[in-house]
Visitor: 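First the structure, then my questions, so here it is.
Each ligand, and each atom within it, is numbered from 1 in the order the structure gives. These numbers come from a predicted model, not from an experiment.
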Amino acid sequence: MAQVQKPKRERSCIACGCKATKGELVRIVRRSDGAVAFDATGKAAGRGAYVCSEACFEKAVRTKRLDRALRASLTEEDYERIASDMAGAIRGATG
Ligand SMILES: [Zn+2]
């Protein structure tokens, strides 16, 4: 299997595929205990997935890409909690 070597510090949004540096994307993490959460610091331990915006988060949820990226089955509650945490963080950063 051919594997493309990805640049280490560049991440891409799981919904639209746009590339951005880590600070420009928001991270969702599946922690070692299995809980999935919005990762405001971008440094939480666990398996992470990146999206560039709230719209892309919703898209990733709808297309199940988030579940696949995290290798987890997220519940409706997880989605809502992450979406609201993310909205708060995004608005806090820009407002
Ligand atoms: Zn995106």
Visitor: Return the number of protein N, O or S atoms with a distance to the Zn ion (ligand 1) smaller than 2.8 Å.
Guide: 4
Visitor: Do any N or O atoms from the side chain of Arg65 and from the backbone of Ala15 form a donor-acceptor pair under 3.5 angstrom?
Guide: yes
Visitor: Do Cys18 and Ser12 pass the side-chain contact (heavy atoms from CB on, under 4.5 Å) test, and can you show the C-alpha distance, the side-chain angles, and the key distance before you say yes or no?
Guide: CA-CA 5 Å; Cys18 75; Ser12 46; over 6 Å; no
Visitor: Mind checking side chain to side chain contact (heavy atoms under 4.5 Å, CB included) for Ala72 and listing every partner two or more places apart, or none if nothing turns up?
Guide: Arg30, Val36, Leu70, Leu74
Visitor: Applying side-chain contact (heavy atoms from CB on, under 4.5 Å) to Glu80 and Glu76, what does each step give before you reach the verdict?
Guide: CA-CA 6 Å; Glu80 280 172 19; Glu76 204 65 36; 3.9 Å; yes
Visitor: Going only through I, L, V, M, F, W and Y residues with side-chain contacts under 4.5 Å, is there a path from Val29 to Ile82?
Guide: no
Visitor: Give a yes or no on whether the backbone of Lys43 and the side-chain of Asp39 come within a donor-acceptor separation of less than 3.5 Å.
Guide: yes
